[in-house]
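Keep in mind that the numbers below use all heavy atoms, side chains included, and drop hydrogens, waters and symmetry copies. Remember, it's 1-based here, ligands and their atoms both numbered in the order they're listed.
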Amino acid sequence: MSGVAAQQDIATTCPYCGVGCGVLVDRDADGDYRVRGDKSHPANYGRLCSKGTALAETIGLDGRLLHPEVDGVRVSWDSALDRVSEGFARVINEHGPEAVAFYVSGQLLTEDYYVANKLMKGFIGSANIDTNSRLCMSSAVAAHKRAFGSDTVPMEYTDLEQADLVVLVGSNLAWCHPVLNQRLLAVKKQRPSMQLVVIDPRVTPTCDGADLHLALKSGTDTYLFNGLLAWLHGQGQGDHEFLSQHTTGVEATLEVALAHASSVKLVAERCGLDEEQVQRFYHLFSRTEKVVTLFSQGINQSARGTDKGNVIINCHLYSGRIGRSGMGPFSITGQPNAMGGREVGGLANQLAAHMDIDNPDHRRWVSEFWQTDNLAPAAGLKAVELFDAVASGRVRALWIMGTNPAVSLPDGNHVRRALSRCELLVVSDCVDSNDTLNFAQVKLPAQTWGEKSGTVTNSERRISRQRAFLDAPGEAKPDWWALCQVARRLGYGGFDFEQPADIFDEHARLSAYRNDGERDFDLSGLVDLEPRDYADMQPVQWPFTTRGTVDRLFANGRFFTPDRRARLVPVEPHPPALLPDEDYPLILNTGRVRDHWHTMTRTGRSPRLSGHVKEPCISLHPDDAGRLGLVHGALGRVQSRHGEALLRVDVSSSQRPGEAFIPMHWNDEYAASAAVGRLVNPAVDPVSGQPEFKYTPVRISTYQAAWYGFLLSHRPMHIPHANYWCKVRRQNHWQYELAGDSLPADWARFARGLLCEEDSQSQWFELHDSTQANYRAARIMDGRLDAVLIVQPGLDLPPRDWLSQLFGKVALQSAERRCLLSGLPPKGQQDAGAVVCSCFGVGVNTLRQAIRENQLTSPESIGELLNAGTNCGSCIPELRRLITDEAHEAVAG
Ligand code: SF4
């Protein structure tokens with residue numbers, strides 16, 4: 001691949017999570033790209049997590065969509081854009097602007113987002129543009145607006161470092177925002193008096209550094225924080241001067257809190273916690289001045305997520321812990337540019353530049369600024385409603401950009417039906433196949449990370465440049481360009497942008513338009529940047545006015561409500577939308593694993609990242625597993641009222657009894673039946689429209705297959721007879737985990753057909769029994785291992801990691817050839833085991849052996865010996881667990 005800049009460091013930002021780490025990209029002597037943390041970027045100061053560290057592995061062109069396609073046929077951009085504009089124009093003419101929609105993404109750059117929103121809301125005249133950020137943090141947005149009158153995150157990452165107590169609620173920070181977790185733990189190491197409380201139903205790696213973990217029952221956060229408010233009130237902790245001068249709603253809010261959570265005993269009962277634990281948390285909060293409460297998807301992804309955000313904010317407002325350094329409520333965003341999407345109005349119920357779609361003044365100002373008389377008159381359809389409208393035919397033309405809703409939305413089977421019925425489905429993406437793209441009539445090749453140029457805003461309101469360092473391959477184009485081309489074809493003015501800098505300038509101007517400090521989002525200080533200034537722009541936090549950055553938000557006690565007072569919001573507790581019952585007795589929670597991102601479009605290409613958690617699992621407590629007869633490592637069929645999945649069973653005491661967890665990443669490209677969205681109920685928060693991903697009743701039963709096996713192969717392939725399969729990218733090959741209901745008539749013939757027997761250069765090793773139940777084969781091509789297939793009736797298959805290592809060898813030794821069909825290394829070689837440290841590729845067996853033989857007692861000592869844990873640090877909680885496990889085994893003898 002040829003690059004636009006060969007030698008110099010290019011400063012850009014990581015495309016994954018909302019921490020928004022700065023990275024530097026350059027090329028080594030062989031011309032290969034290298035990615036390292038940018039020491040000057042204030043989000044990470046040089047740190048990266050495992051995902052950021054492996055970015056260079058993900059920039060190849062395998063599986064890229066390189067040319068526009070219409071109805072499966074390659075066409076020119078002109079033809080494709082004509083089809084999009086004619087299709088949208090026809091639907092608008094025949095059915096009105098509400099019959100078309102855009103569904104966009106927190107992966108878009110702000111400039112793309114701005115143009116999409118301007119086109120839909122400003123000129124098509126519908127607010128039917130929503131974003132996958134609806135699934136991530138729209139409840140926090142709604143809670144901010146109710147409390148502050150604006151979607152303002154008043155916090156900075158340094159507040160976490162300055163706090164004396166950090167409360168993490170519904171956040172597995174160690175895996176989901178690892179660099180922030182590293183920053184936090186670094187401070188805690190220097191200042192052990194800093195207290196860390198984790199509130200999460202699961203024991204996660206984040207608990208590793210915690211002083212207190214409250215493993216509350218899923219969905220009971222409202223009781224806990226209403227209880228905290230009642231406790232603060234009882235302790236005389238109200239900041240009465242602040243409350244009387246800067247807030248409203250105190251009395252009503254206290255009344256509700258006292259009615260529902262008047263005592264620690266009651267709260268503990270409701271939340272399934274010990275009284276002592278609850279009391280300890282309340283004591284910590286009330287006696288610590290500098291408290292940051294960081295909340296994330298565990299709060300937001302709920303049918304009452306907005307309420308849960310407000311019940312947290314209430315405690316900070318009541319005690320005056322806001323507007324000063326080291327304290328406040330901190331909603332952390334999942335995606336790299338969720339915050340940028342909020343700035344431009346990417347959600348269907350926003351306008352642009354933090355203006356409100358239901359405010360007549362704001363609508364008039366935006367109309368004036370955009371010079372349009374067709375501004376959307378009211379809020380549009382939020383994500384779940386939008387796909388319901390596609391299913392019912394109310395929305396007939398849909399353009400999806402940079403997101404995979406067939407996987408990521410709840411009730412995935414319904415979403416797939418909607419996509420299959422859509423009259424005109426346009427998808428812009430960088431890949432040539434995914435669960436959503438496969439339904440599209442029009443496929444538009446989008447530029448991706450490394451190729452596109454623009455800005456993103458992270459969770460602390462810091463705008464950073466994403467810069468291109470690669471030439472765009474094939475005919476890939478920026479999303480803003482495709483949108484402008486369609487807008488012009490539809491006859492709209494105001495879409496003659498020539499470069500991202502032009503769009504950013506208009507975005508900054510709009511933020512300043514008729515803004516005399518009444519609106520929080522203000523980039524007036526970034527208006528009229530010269531192209532060179534935009535190109536060189538350093539990370540900057542908003543508001544950034546003509547006077548530069550403003551003081552800390554809310555430091556003056558003035559909020560963005562009409563009366564400038566913050567609102568405490570009374571929050572009645574409500575149960576989740578669907579409760580477990582006899583048919584569906586377990587509660588399903590969903591979330592991330594450490595090394596994958598969203599639907600694996602990028603991370604699924606990285607052998608390092610794919611090696612950490614190779615298969616999608618359902619984790620459940622040993623008591624539940626025992627009751628249901630489920631065995632660790634077996635396969636389980638998981639069913640909800642909405643769909644089902646087939647997953648590996650992970651029996652783990654990190655789950656609460658009665659609760660289970662499935663990761664969100666796997667999809668039909670990587671597994672036979674593991675897209676958890678198919679199971680998740682589509683209940684949404686009544687205010688924010690955010691779905692309840694954290695609470696779906698399910699049932700689980702053992703899936704008894706006729707055979708189990710695995711295939712390691714140089715080439716990706718489709719495997720018939722496998723009812724269960726899961727595909728994993730490994731170094732130089734693919735790994736397939738397999739199981740099936742029916743046996744092929746002849747395994748040997750099946751294997752040779754699958755693995756291309758006709759090639760005369762190949763050498764076969766085979767082992768099978770007469771019953772056809774056991775079969776093992778290995779194929780060697782030109783001295784290199786090409787494939788290994790092992791099948792048998794039971795689950796106790798040989799390990800895969802030693803065999804995987806052999807795919808990197810130019811020639812196998814004779815001892816290795818002899819051992820191939822056993823899967824066990826010859827004497828003197830070791831199976832490194834599953835990857836624990838992705839950065840240095842250190843496996844679990846290597847770690848266990850090193851801990852045992854060298855009596856290692858700390859992650860630091862492991863790091864000195866094996867490097868593990870010394871780069872991004874994401875694996876440190878697992879290193880600690882291994883040390884503990886080995887110590888227990890040593891004691892047990
Ligand atoms: S924490 Fe990791 S995934 Fe998130 S922005 Fe930083 S390097 Fe990327």
Side-chain angles (χ1 to χ4, degrees), residues 10-25 33-59 106-107 109 133 136-137 156-157 160-161 168 171-186 204-206 209 294 296-297 330 332-340 448-450 455-467 539 591-606 608-610 612-613 663-665 837-839 869-877:
I10 300 291
T12 181
T13 45
C14 173
Y16 295 123
C17 84
V19 179
C21 295
V23 300
L24 297 175
V25 184
Y33 284 97
R34 297 183 302 196
V35 172
R36 63 190 197 282
D38 182 350
K39 289 197 167 89
S40 69
H41 197 289
N44 56 318
Y45 295 111
R47 294 176 173 91
L48 290 180
C49 75
S50 50
K51 293 187 284 288
T53 304
L55 269 168
E57 285 181 27
T58 67
I59 56 179
Q107 300 287 321
L109 303 183
S133 299
C136 163
M137 50 69 218
E156 305 176 5
Y157 297 159
L160 286 166
E161 294 165 330
L168 303 177
S171 161
N172 182 6
L173 203 72
W175 279 14
C176 303
H177 300 94
V179 163
L180 268 194
N181 196 57
Q182 289 173 37
R183 287 181 64 165
L184 196 56
L185 294 183
T204 68
T206 306
L294 182 146
S296 188
Q297 271 76 334
F330 197 167
I332 192 97
T333 54
Q335 295 200 76
N337 200 28
M339 187 71 89
T448 185
W449 183 79
T455 54
V456 290
T457 310
N458 72 4
S459 295
E460 59 167 355
R461 313 184 319 276
R462 193 176 300 280
I463 300 170
S464 298
R465 289 279 281 110
Q466 259 198 26
R467 296 183 173 89
R592 297 184 187 284
V593 300
R594 189 188 79 191
D595 287 354
H596 277 308
W597 178 257
H598 278 197
T599 60
M600 301 164 67
T601 307
R602 183 175 289 279
T603 53
R605 304 158 69 102
S606 161
R608 262 199 290 178
L609 298 178
S610 301
H612 180 237
V613 178
M664 60 178 272
H665 310 285
C837 170
S838 298
C839 298
T870 58
N871 181 42
C872 77
S874 302
C875 63
I876 286 175

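- The side-chain contact (heavy atoms from CB on, under 4.5 Å) with Leu180 is formed by just one residue from the set Leu160, Leu168, Asn44; it is Leu160.
- Applying ring pair (Phe, Tyr, Trp, His ring centres under 6.0 Å) to Trp175 and the options His612, His596, His665 leaves one that passes, His612.
- Residues in residues 591-604 take part in these salt bridge (Lys or Arg N to Asp or Glu O under 4.0 Å) pairs, two or more places apart or across chains: Arg594-Glu878.
- For the residue pair Ser464 / His41, a side-chain donor-acceptor distance below 3.5 Å is found, with atom types taken as modelled.
- At least one donor-acceptor pair under 3.5 Å links the side chain of Thr603 to the backbone N or O of Trp597.
- Within the sub-2.8 Å shell of atom 6 (Fe) of ligand 1, the protein contributes these N/O/S atoms: Cys21 SG.
- One N or O on the side chain of Ser459 and one on the backbone of Thr333 form a donor-acceptor pair closer than 3.5 Å.
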